[in-house]
Q: 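Quick one: structure below, then a few questions.
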2 protein chains.
Amino acid sequence: MRVRLEDVARATGVSPKTVSRVLNEESSVKDSTRQRVLAAMESMNYRPSPSARGLAGSRSFLVAMLYDNNNNPASTYLAEIQDGVLDACDAHRYSMMACPLRMRGQDFIRRVDALVSDHHIDGVIVTPPLTDYPALLKRLQEHGVPHASISPLHREGTIGVCMDEQQAAKALVTHLIELGHRRIAHIVGIANHGASRWRLAGYKEALATAGLPNDPDYVVQGEFTFGSGVMAARQLFALPVCPTAIFAANDDMAAGVMWAANERGLKVPRDLSVCGFDDTPLATQLWPPLTTVRQPSREMGKLAALQLMEKLRGRGTGLLVQVPYSLELRESTSVAP
Amino acid sequence: MRVRLEDVARATGVSPKTVSRVLNEESSVKDSTRQRVLAAMESMNYRPSPSARGLAGSRSFLVAMLYDNNNNPASTYLAEIQDGVLDACDAHRYSMMACPLRMRGQDFIRRVDALVSDHHIDGVIVTPPLTDYPALLKRLQEHGVPHASISPLHREGTIGVCMDEQQAAKALVTHLIELGHRRIAHIVGIANHGASRWRLAGYKEALATAGLPNDPDYVVQGEFTFGSGVMAARQLFALPVCPTAIFAANDDMAAGVMWAANERGLKVPRDLSVCGFDDTPLATQLWPPLTTVRQPSREMGKLAALQLMEKLRGRGTGLLVQVPYSLELRESTSVAP
DNA sequence: CCGCAAATTGACAGCGCTGTCATTTCTGTC
DNA sequence: GACAGAAATGACAGCGCTGTCAATTTGCGG
């Protein structure tokens, strides 16, 4: 019924073990043999059984993507990462399981345990903000399960992928300055998220570099949601001297800012320049379209998964690769009034 | 190292097979025996190996959630469904794999084949718009893999979960009529999606029931995105006689309508009532908050998964359960001007 | 053409569980 | 109290693959 490894072996005239070697890309197989086996596999449409491989061997070819579904601000972001991870897994014949972790109490530790020991997970992709949850990372290490992080806050000894968000934020704010803006406000994301810190740091750096003052009134707290963007903007508009530009730490909040501006009768970008971060679909759906920083989430998921699988194969030491950002200059920003 | 079924058997003084029976909830085990075995499992922290179970038995305890990542308008929706499915799977010790399907050409058939035969998938959760892709359903049937659908267009012989979207749309539009609106427009979603059809039908039904005319100019095509909502609204505003209320087939488009209204200087809800559908997070982030229909996506994912697992266990015949909608009447709608 | 190390290949057991079928232990009945 | 039939349990093989280690083949210097 099902084509087994043994069938391929028989068809090729070699032992099952040799077919297994080819399957696992072991080096000690003569090239001519490998070719014959591969050809047979192909023509017989052989597909190894993950269950059998998992049971007999030490590897499961399973990768888990962990995410925090407790306070899930940006499901678009996670969905894109997930797709990228799946892409990479597909290409290397790995499978992926998506695993939401509710970070209440210590229950999540048990979930991690269950996951790892049940399914023999080979490796884990960790997404923000889980990337900086020490208890989780510690547990993974105890299990001996390698992980790759996406945009981790602490980068030493971590493999995965990141973007120079601070540099990107700086570039964005510098762009505003070049447009003639001098009163530039920033809406910060959820405290302690890496993204929030870096973007704030980039904002401050740009101001400092340009020799502009860093007015604390111009830095208000948000929480990455549309609503918090609206609230933060209202707060800024209530200031005695309004900013002429607002850099929100993500697109959702920027959309909130635009809404609030509108509510107050401010025309974007004529009266107020607005920019965000992430380049979510929202950015181009708003009117005017939002100036923002493109964060290649999907690509990042893919790269993180690739890094992980490299490590699993024992090839390379695993790196924290950096993906390039790109400024998407659109119509929500213009010269200062 | 690892606690095996055999260890539990030894500890309890029964044969491995009996432990296996308890594990699989077979009926032919004396109750006292079952209790002892369960106690031992608990105290030894026994966790069965999915690989071994998959290899030896006919079941894999794996469920796949299929989604279309080609044109993915509403990743929030899918993310919520996914979480619901995961919830249900967790509860019944099943695992879930998320599987995006690119519906280009015939490649996706191979992907389905690979999925089912590689992983021995026990069952599949199908999400819109895949629910109505005949080639996919046929292939699943050929593989003998049961599936549960979420909001399928064709309901006969299907198990899964649905909502009476037509009724919900009717109720929403009826609400507008009760507020005194007579010129009510509708922005349709992507053609052929079940959601689009039902919501349009509900709109028409409400008008007909109230004896209002069905002006074709007041029904414009959208595609479930913010941008398409903006375009559609502009089209409606350009009409000689403007509608006083717009029912968009989803929240994203409704947000687009609100934006366009704003752009044109129309105050919502004073000059124009707007309502959407789905109750995405966006609905409460807009200002004014959006009147919409709550679609319990997460709950629906959970229920679909439960239906599927019931079927897998051979219990019950599997149903298409209907979840209740609820009208979320908020500030974006008010009495007609 | 031989001997030896290196390169390749193969034999075999067993991973942890379940399907099949045989066996034992209960029931209730006359 | 013996007996049929049902209920409960067990023995055993084997799912499809890989780890271990042994066997074979190859390449090469002399």
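So you know, we letter chains A, B, ... as the sequences are listed, proteins then strands, and number each from 1.
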Q: Ignoring backbone atoms, test whether A/S20 places a side-chain nitrogen or oxygen under 4.0 Å from the OP1 or OP2 oxygen of D/dT18.
A: yes
Q: What contact category does B/K17 fall into here, base, sugar-phosphate, or nothing, at under 4.0 angstrom with non-hydrogen atoms?
A: base
Q: DNA chain C: A/T33 or B/G57, which has the more 5' nearest nucleotide?
A: A/T33
Q: Return the value, rounded to whole Å, for the distance between atom CD of B/Q35 and atom C1' of D/dA8.
A: 16 Å
Q: So which nucleotide from D/dG10, D/dG16, D/dG14 ends up closest to the side chain of B/A56?
A: D/dG14
Q: May I ask you to evaluate whether B/S15 reaches the phosphate of D/dG10, defined as a side-chain N or O under 4.0 Å from OP1 or OP2?
A: yes
Q: So, is the end of the A/R93 side chain (NZ or CZ) under 6.0 Å from the ring centre of A/F61 and within 45° of the ring's axis?
A: no
Q: Rounded to the nearest angstrom, tell me the gap between atom CZ in A/R34 and atom P in C/dT8.
A: 9 Å
Q: Tell me which nucleotide among C/dT9, D/dG19, D/dA8 gets nearest to the side chain of A/E26.
A: D/dG19
Q: What nucleic acid atoms does B/P16 come within less than 4.0 Å of, heavy atoms only: base, sugar-phosphate, or nothing?
A: nothing
Q: Would you indicate what A/R59 reaches in the nucleic acid, counting non-hydrogen atoms under 4.0 angstrom: base, sugar-phosphate, or nothing?
A: nothing
Q: Send over the distance from A/F61 CZ to D/dC17 P, rounded to a whole Å.
A: 12 Å
Q: I need the CD-C1' distance between B/E6 and C/dG14, as an integer number of Å.
A: 12 Å
Q: Which nucleotide, D/dT20, C/dG16, D/dC17, lies nearest any side-chain atom of A/R21?
A: D/dT20
Q: Can you tell whether the side chains of A/D83 and A/K302 come within less than 4.0 Å, N to carboxylate O?
A: no
Q: Distance only, no hydrogens: is a donor on one side chain within 3.5 Å (strictly under) of an acceptor on the other, for B/D132 and B/H193?
A: no
Q: What integer distance in Å separates B/E25:CD from C/dT18:C1'?
A: 16 Å
Q: Has B/Q141 got more than 12 heavy atoms of other residues, nucleotides or ligands less than 6.0 Å from its CD?
A: no
Q: May I have the distance from B/H120 (atom NE2) to C/dT18 (atom C1'), rounded to whole angstrom?
A: 13 Å
Q: Heavy-atom nearest nucleotide on DNA chain D for B/S27 versus B/A52: which residue maps closer to 5'?
A: B/S27
Q: When you measure from the side-chain N and O atoms of B/S58 to the phosphate of C/dT18, is any distance below 4.0 Å, counting only OP1 and OP2?
A: no
Q: Taking CG from B/D31 and P from D/dA8, how many angstroms apart are they, rounded to a whole number?
A: 9 Å
Q: Using the side-chain heavy atoms of A/S49, tell me which of these nucleotides is nearest: D/dC17, C/dG16, C/dC17.
A: D/dC17
Q: For a quick test of reading the model: is some side-chain N or O of A/T18 closer than 4.0 Å to OP1 or OP2 of C/dG10?
A: yes
Q: Just wondering, are more than 12 heavy atoms of other shown residues or ligands nearer than 6.0 Å to CZ in A/R10?
A: yes
Q: Examine D/dC17: is either OP1 or OP2 under 4.0 Å from a nitrogen or oxygen in the side chain of A/R53? Give yes or no.
A: no
Q: Checking B/H119 against A/S95: is there a side-chain donor and acceptor pair closer than 3.5 Å?
A: yes
Q: Specify the separation, in whole Å, of atom CG of A/L5 and atom P of D/dT18.
A: 6 Å
Q: If you take atom types as modelled and just measure distance, does the side chain of A/R47 reach the base of D/dG16 with a donor-acceptor pair under 3.5 Å?
A: no
